[in-house]
Amino acid sequence: SQQTTDGASTRKKVMVIGGDGYCGWATALHLSKKGYEVAIVDNLIRRLFDDQLGLESLTPISSIHNRIRRWKSLTGKDIQLFVGDICEFDFLAEAFKSFEPDAVVHFGEQRSAPYSMIDRSRAVFTQHNNVIGTLNVLFAIKEFREECHLVKLGTMGEYGTPNIDIEEGYITITHNGRTDTLPYPKQASSFYHLSKVHDSHNIAFTCKAWGIRATDLNQGVVYGVRTDETAMHEELVNRLDYDGVFGTALNRFCVQAAVGHPLTVYGKGGQTRGYLDIRDTVQCVEIAIANPAQPGEFRVFNQFTEQFSVNELAALVTKAGGKLGLEVKTTLVPNPRVEAEEHYYNAKHTKLYELGLQPHLLSDSLLDSLLNFSVQYKDRVDTKQIMPSVSWKKIGAKPKTVAA
Ligand code: NAD
Ligand code: USQ
């Protein structure tokens with residue numbers, strides 16, 4: 001097998017928590033292909049959210065068991081599977097003792113901002129699931145595998161949209177004549193994004209107190225669906241969310257263009273974020289694993305390749321759709337969120353490049369292929385799921401059903 005990293009040559013063991021999800025599945029296969037020994041830990045709750053809310057991935061996805069069997073039959077490579085909830089420490093402890101990971105990549109959280117803003121119970125679930133799950137991972141590392149490197153998925157949304165440049169995790173400040181390097185201020189704007197801030201604080205503390213080695217990957221919005229490995233067989237196809245709860249900006253716009261739904265720009269559309277191709281997600285995680293943090297080090301990388309405003313994305317999709325003969329319109333949707341719609345945004349993202357990231361920048365050919373992919377599956381689209389249904393201002397304590 002190809003051996004391109006330090007990790008591959010020593011057969012490092014990597015536990016991928018959340019390995020049945022969008023980023024996690026692509027990453028588990030990529031690491032397996034590169035020669036790492038991989039175990040997936042997942043409680044499959046993402047599939048349950050779809051069932052409960054009446055949503056479905058654009059792409060039909062196989063069960064995790066069939067996915068892993070197909071991977072083995074195509075490549076001869078084993079991926080171990082631990083089905084369970086990392087909020088249950090006994091389960092996580094058994095998985096740690098049995099697999100003995102050298103690195104843990106932690107994707108296993110409730111990751112939708114709108115989901116966390118549906119009602120009180122979803123807000124509480126999101127923070128409990130994410131914060132307690134991560135705390136358990138930290139305790140498992142301390143108890144069973146002190147040298148294990150934690151690679152934790154954070155989010156660029158932890159920083160919010162300050163009116164100064166965003167640094168990678170830390171900022172050096174001079175105040176009343178004294179200077180210190182401090183954690184960059186956090187101004188998250190959903191209960192989900194706030195769960196990531198709480199995680200970062202817990203991880204930073206345990207690095208200091210217990211000498212844990214950790215990398216927080218503050219990832220931007222991911223787009224795309226194909227990676228080399230998931231494109232190998234239809235049973236390996238990744239999920240692609242387009243609905244108003246789990247779908248993210250560019251992926252949604254491509255599916256909307258494919259079915260002739262106007263692009264849903266929220267508010268003024270000046271909301272600017274960092275974005276990256278899912279092929280770069282898997283590459284960035286591999287880079288972080290191959291170059292571990294030092295014991296006691298809490299390292300923060302901003303994981304995105306380009307910045308776009310929502311209006312810029314809509315313009316790009318309109319142009320690319322036009323070339324494929326799709327007539328793409330835009331509709332201005334009253335913003336269901338509370339967020340700045342016109343703001344300064346300039347975020348540093350050099351550390352992963354310094355370690356060798358070769359980015360796949362958003363190109364006409366990627367937009368073409370994502371649009372064609374969406375057209376291929378367009379009969380599966382439920383257009384009722386496209387408009388946003390969750391309001392940041394209307395969230396209440398009363399349990400909300402989808403129909404309500
Ligand atoms: P996803 O929902 O597709 O996958 C998450 C997986 O974790 C699911 O398979 C789910 O079943 C599992 N999971 C959740 N809670 C769990 C628990 N308590 N125990 C075991 N498994 C659990 O999400 P994704 O889009 O792949 O995102 C993965 C990570 O990357 C998340 O932490 C997310 O915050 C982060 N991230 C995602 C994006 C993006 O655009 N998709 C951008 C930035 C950061
Ligand atoms: N937006 C629209 N129209 C849409 C969808 C989104 O205008 O149809 C706007 C939103 O209002 C927001 C921006 O686009 O300003 C991004 O929204 P999003 O839904 O694409 O992404 P977000 O809610 O920020 O969350 C996603 C992932 C999350 C991850 C985050 C990275 O779901 O897990 O943490 O991207 S970041 O945005 O950098 O925080």
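These numbers come from a predicted model, not from an experiment.
Looking only at distances, a side-chain donor or acceptor of Asn302 sits under 3.5 Å from a matching main-chain atom of Glu167. Although no hydrogens or angles enter the test, the distance criterion places a donor-acceptor pair under 3.5 Å between the side chain of Gln110 and the main chain of Ser112. Judged by distance alone, the side chain of Gln127 and the main-chain N or O of Phe191 form a donor-acceptor pair under 3.5 Å. Judged by distance alone, with hydrogens and angles left aside, the side-chain atoms of Asp180 form no donor-acceptor pair with the main-chain N or O of Leu182 at under 3.5 Å. With Thr331 contributing its side chain and Leu263 its backbone, the two residues share no donor-acceptor pair below 3.5 Å. In this structure, Arg380 contributes its side chain and Leu58 its backbone to a donor-acceptor pair below 3.5 Å. Without hydrogens or angle criteria, Asp42 side chain to Asp20 main chain gives a donor-acceptor distance under 3.5 Å. Ser116 contributes no side-chain N or O that, together with a main-chain N or O of Ala123, makes up a donor-acceptor pair within less than 3.5 Å. Ser32 places no side-chain N or O within 3.5 Å of a backbone atom of Ala28 that could act as its donor or acceptor partner. Under a 3.5 Å cut-off, the side chain of Thr134 and the backbone N or O of Val131 do not form any donor-acceptor pair.
A salt bridge does not link Arg47 with Asp51: none of the charged nitrogens is closer than 4.0 Å to a carboxylate oxygen. Using a cutoff of 4.0 Å between basic side-chain nitrogens and carboxylate oxygens, Glu229 and Lys34 are not scored as salt-bridged. A salt bridge is absent between Arg69 and Glu235: the closest approach of a Lys/Arg side-chain nitrogen to an acidic carboxylate oxygen does not fall below 4.0 angstrom. One finds a salt bridge joining Lys72 and Asp78 here, because a Lys/Arg side-chain nitrogen approaches an Asp/Glu carboxylate oxygen to under 4.0 Å.
A side-chain donor-acceptor contact under 3.5 Å links Arg299 and Thr215. In this model, no donor atom of one side chain and acceptor atom of the other lie less than 3.5 Å apart for Ser189 and Glu339. A side-chain N or O of Gln219 and one of Thr281 form a donor-acceptor pair less than 3.5 Å apart. Donor-acceptor pairing under 3.5 Å is lacking for the side chains of Thr272 and Glu312. Under the 3.5 Å distance criterion, with hydrogens and angles disregarded, a donor-acceptor pair is assigned to the side chains of Ser200 and Glu158. Side-chain contact, Asp119 with Ser121: a donor N or O sits under 3.5 Å from an acceptor N or O. Thr350 and Glu168 share a donor-acceptor pair across their side chains, judged by distance under 3.5 Å alone. No hydrogens or angles considered: nothing links the side chains of Asn238 and Thr230 as a donor-acceptor pair under 3.5 Å.
Sorted by first and then second residue, the ring-ring contact (aromatic ring centres under 6.0 Å, His included) pairs with a member in residues 152-181 read Tyr159-Tyr184; sequence neighbours excluded.
Remark: of the listed residues Tyr223, Tyr22, Tyr242, Tyr22 is the sole one forming a side chain to side chain donor-acceptor pair (under 3.5 Å) with Asn251. With Asp102 as reference, Arg145 is the one residue of Lys12, Arg11, Arg145 to meet the side chain to side chain donor-acceptor pair (under 3.5 Å) rule. Of the listed residues (Glu146, Glu297, Glu147), just one forms a salt bridge (Lys or Arg N to Asp or Glu O under 4.0 Å) with Arg213, and that residue is Glu147.
Around atom CD of Glu234, no more than 12 heavy atoms belonging to other residues, nucleotides or ligands sit under 6.0 Å away.
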After noting the C-alpha distance and the side-chain angles of Gln283 and Asp280, does the key distance pass the side chain to side chain contact (heavy atoms under 4.5 Å, CB included) rule? CA-CA 5 Å; Gln283 201 192 143; Asp280 291 339; 3.2 Å; yes
Checking Lys152 against Glu109 for the salt bridge (Lys or Arg N to Asp or Glu O under 4.0 Å) test, could you report, in this order, the C-alpha distance in whole Å, the side-chain angles of both residues, the deciding distance, and whether it holds? CA-CA 10 Å; Lys152 165 68 169 50; Glu109 299 200 329; 3.6 Å; yes
Starting from the C-alpha separation in whole Å, work towards a yes-or-no answer on side chain to side chain contact (heavy atoms under 4.5 Å, CB included) for Leu48 and Ile45. CA-CA 5 Å; Leu48 187 67; Ile45 199 164; 4.3 Å; yes
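Contact annotation: the side chain of Asn130 approaches that of Tyr192 to within less than 4.5 Å [non-hydrogen atoms, C-beta and beyond]. Taking the side chain as every heavy atom from C-beta outward, Val317 and Cys254 approach each other to under 4.5 Å. Thr305 has its side chain out of reach of Leu352: every pair of non-hydrogen atoms, C-beta onward, lies at least 4.5 Å apart. Looking at Thr264 and Arg252, their side chains come closer than 4.5 Å, going by heavy atoms from C-beta outward. Looking at heavy atoms from C-beta onward, Leu29 lies out of side-chain contact with Val282 at the 4.5 angstrom threshold. In this structure the side chain of Asp241 never reaches within 4.5 angstrom of the side chain of Thr248, judged on heavy atoms. Side-chain contact between Pro388 and Tyr266 is present, with heavy atoms from C-beta onward closer than 4.5 Å. In this structure the side chain of Ile164 reaches within 4.5 angstrom of the side chain of Ile171, judged on heavy atoms.
Closest approach of Ala113 and Arg337 over heavy atoms only: CB-NH1, 4.5 Å. A pairwise comparison of heavy atoms in Pro262 and Thr330 identifies CB-C, 4.1 Å as the closest pair. Across Leu236 and Trp25, no two heavy atoms sit closer than the pair O-NE1, 2.9 Å. Counting all heavy atoms, side chain and backbone alike, Leu332 lies closest to Gly267 at CD2-O, 4.3 Å. When all heavy atoms of Lys378 and Val259 are compared, the closest pair comes out as CB-CG1, 3.8 Å. Taking both residues in full, the closest heavy atoms of Phe96 and Val104 are given as CZ-CG2, 3.6 Å, listed atom of the first, atom of the second, then distance.
To the nearest 0.5 Å, atoms CD1 (Ile289) and NE2 (His149) are separated by 8.0 Å. Note that OG1 of Thr59 is 11.0 Å distant from CZ of Arg226, once rounded to the nearest 0.5 Å. Within the model, atoms CG of Asp216 and CD of Gln303 stand 10.5 Å from one another, a figure rounded to the nearest 0.5 Å. To the nearest 0.5 Å, atoms CD1 (Ile118) and OG1 (Thr126) are separated by 8.5 Å. A distance of 13.5 Å separates OG in Ser309 from NZ in Lys268, rounded to the nearest 0.5 Å. Within the model, atoms CG of Asp50 and CG of Asp243 stand 7.0 Å from one another, a figure rounded to the nearest 0.5 Å.
Cation-pi geometry between Arg122 and Tyr115 is met: the NZ or CZ atom falls under 6.0 Å from the ring centre, inside 45° of the normal. A cation-pi arrangement is absent between Arg239 and Phe246 under the rule of less than 6.0 angstrom and at most 45 degrees off the ring axis.
Residues that satisfy the salt bridge (charged side-chain N to carboxylate O under 4.0 Å, His left out) test with Glu341, not counting sequence neighbours, are absent from this structure.
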Side chains of residues 81-89: which donor-acceptor partners sit under 3.5 Å, not counting sequence neighbours?
from, atom 1, to, atom 2, distance (Å)
Asp85, OD1, Cys87, N, 2.7

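In this structure, Phe125 and Phe49 have perpendicular ring planes: the angle between them is above 60°, well past the 30° mark. Note: His349 and Tyr353 have perpendicular aromatic rings, judged against thresholds of 30 and 60 degrees for the angle between ring planes.
Checked against the 6.0 Å centroid criterion, the rings of Trp210 and Phe139 qualify as a close aromatic pair.
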